[in-house]
Amino acid sequence: MIPYLDALAILRDAAIALPAEQIPTHQALNRVLAEDFIAPFALPRFDNSNMDGFAVRAADTTASSAAQPLTLTVLRAQAAGDPAGQGVSHHAIQVMTGGAIPEGMDSVVPIECVTPLMDTSGNVTQITLTQPVPHHDSVRFAGDDFPAGKTLIHRGTRLRSSHIAVLYATGTHQVRVAAQPGIRIFTTGKEVSDNYTAPLEASQIYDSNTPYLISAFESVGLSASYAGHVGDDEEKFRTLLASQNDARILVSSGAVSKGKWDFIPGVLQEFGAEILF
């Protein structure tokens, strides 16, 4: 026996990179990214408000105080998704969270920090401030999350839900990932039964290894299938092995030690296999 980490290192050194394929991003969970993903544009793409409030010019508010309140006329209300439009000095524009900062405005005062005056329709027509608004307050600037050209996800990364969110945030609905290897699993030993609806004979056991292995592969996003049970039949194993041309990974359970019917190592060598450990 060799240590587990040594065995893992041997397998990694011997592994052959799989070809890449392009798939829909929504199918890419747990797949391995085949190339670096580089941001096609900055995010956010534009300066926007991180509060529901009012866009102003900070310099217009420097003299406001509790003793000398400042009242600004509100030109319009602007939802997230509306064009940025033009701001006007000594006025305010109501903006919602995520709304673009109007041209000429540089700060946002949250609605909780002003006294609003509304018309009969519920629209805010004026706001009163009792303290200056800090420059750039409550503004998210273009590129705050990441700039254009930044490597966001490195090649070889197993994609998680957070990566899927990043890909879709940049409009990436197709992604290149490593192709999945065909995986086949088979069992040996005439004592093993894969007929779970039938009662066991006196010297039999149910096959628990195959369902375990399939579920273990699936837990990391790999699809595996059952190739069958070969019992203690060496010729059946040869036939099965020769038929798995589309599989890149074969996993067997049993018949690898020094017993009379432990034929797998010998057959593998006969097929030209290299024994790594």
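No hydrogens, no waters, no symmetry mates; every other heavy atom, side chains included, goes into these values. Starting from 1, each residue takes its place in the sequence as its number.
- In this structure a side-chain-to-backbone donor-acceptor pair under 3.5 Å is present from S193 to N195.
- Between H136 and F141, the two ring planes are perpendicular [angle over 60°; tilted spans 30° to 60°].
- Hydrophobic clustering of Ile, Leu, Val, Met, Phe, Trp and Tyr side chains at less than 4.5 Å, counting indirect connections, unites V230 with L241.
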Do F54 and V124 pass the side-chain contact (heavy atoms from CB on, under 4.5 Å) test, and can you show the C-alpha distance, the side-chain angles, and the key distance before you say yes or no?
-> CA-CA 10 Å; F54 300 87; V124 179; 3.9 Å; yes
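- For the pair S223/I183, no side-chain contact is recorded, criterion being any heavy-atom separation below 4.5 Å from C-beta on.
- A distance-only check finds a donor-acceptor pair linking the side chain of H91 to the backbone of S89 [under 3.5 Å].
- Rounding to the nearest 0.5 Å gives a distance of 7.5 Å between OG of S64 and CD of Q131.
- Formation of a donor-acceptor pair under 3.5 Å by the S138 side chain with backbone atoms of S49 is not found in this model.
- For the pair A224 and I185, the tightest heavy-atom approach, listed with the atom from each and the gap, is CB-CD1, 4.0 Å.
- For L29 against I164, the heavy-atom pair with the smallest separation is N-CD1, 4.1 Å.
- A donor-acceptor pair is defined here as one N or O able to donate and one able to accept, closer than 3.5 Å; such a pair exists between the side chain of H229 and the backbone of G189.
- When the side chains of ILVMFWY residues are joined at heavy-atom separations under 4.5 Å, either directly or via intervening members, F263 and I275 end up in two distinct hydrophobic clusters.
- The only member of E218, R160, R158, Q180 that meets side-chain hydrogen bond (donor to acceptor under 3.5 Å, both in side chains) when paired with N30 is R160.
- With 3.5 Å as the limit, one finds no donor-acceptor pair spanning the side chains of S243 and N245.
- Two different hydrophobic clusters hold L72 and L75 under the rule that ILVMFWY side chains link at heavy-atom gaps under 4.5 Å.
- In this structure, D6 and F277 have side chains that are not in contact, with every pair of non-hydrogen atoms separated by 4.5 Å or more.
- Closest of all the heavy-atom pairs between A100 and V95 is O-CG1, 4.1 Å.
- Listed for the T157 side chain is no donor-acceptor partner under 3.5 Å among the backbone atoms of L159.
- Cluster annotation: V109 and I111 are assigned to the same hydrophobic cluster (Ile/Leu/Val/Met/Phe/Trp/Tyr, side-chain heavy-atom contacts under 4.5 Å, transitive).
- The backbone N or O of S253 lies less than 3.5 Å from a partner atom in the side chain of T188, making a donor-acceptor pair.
- Between V177 and V32 there is no side-chain heavy-atom pair separated by less than 4.5 Å.
- Q204 places a side-chain N or O within donor-acceptor distance of the main-chain N or O of E201, the cut-off being under 3.5 Å.
- From D194, atom CG reaches atom CG of N209 across 12.0 Å, with rounding to the nearest 0.5 Å.
- Looking at Y196 and D207, their side chains come closer than 4.5 Å, going by heavy atoms from C-beta outward.
- Annotation: the span from E274 atom CD to L276 atom CG amounts to 5.0 Å, rounded to 0.5 Å.
- For the pair R31 and E21, the salt-bridge criterion is met [side-chain N within less than 4.0 Å of a carboxylate O].
- Put simply, the side chain of V175 does not reach to within 4.5 Å of the side chain of F37, judged on heavy atoms.
- The two atoms that bring S107 and A58 nearest to each other are OG-CB, 3.5 Å, heavy atoms only.
- Under a hydrophobic clustering in which Ile, Leu, Val, Met, Phe, Trp and Tyr are joined whenever their side-chain heavy atoms come within less than 4.5 Å, directly or via other members, L240 and F271 fall into the same cluster.
- A 4.5 Å side-chain heavy-atom check between L222 and P181 finds at least one atom pair inside the cut-off.
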Check the pair R140, T97 against side-chain contact (heavy atoms from CB on, under 4.5 Å), reporting the backbone distance first and the verdict last.
-> CA-CA 10 Å; R140 285 188 296 229; T97 302; 4.3 Å; yes
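- Using a 4.0 Å cut-off between charged side-chain N and carboxylate O, R184 and D246 make a salt bridge.
- Considering CE of M105 and CD of Q78, their distance stands at 9.5 Å, rounded to 0.5 Å.
- Here the side chain of T25 pairs a donor or acceptor atom with the backbone of Q174 at under 3.5 angstrom.
- Across all their heavy atoms, R176 and L33 have their closest contact at O-CD1, 3.5 Å.
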Dump the intermediate steps for side-chain contact (heavy atoms from CB on, under 4.5 Å) on V74 and T125, then the final yes or no.
-> CA-CA 5 Å; V74 177; T125 58; 5.7 Å; no
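- Two residues are said to be in side-chain contact when any heavy atoms from C-beta on lie closer than 4.5 Å; R76 and P102 meet this criterion.
- Between F186 and A227, the closest heavy-atom pair is CB-CB, 4.2 Å.
- The line from OH of Y226 to CD1 of I214 is 9.0 Å long, rounded to the nearest 0.5 Å.
- Side-chain contact check for V192 versus I205: some heavy-atom pair is nearer than 4.5 Å.
- One distance of note links CG of D47 with CD1 of I101; it measures 6.5 Å at 0.5 Å rounding.
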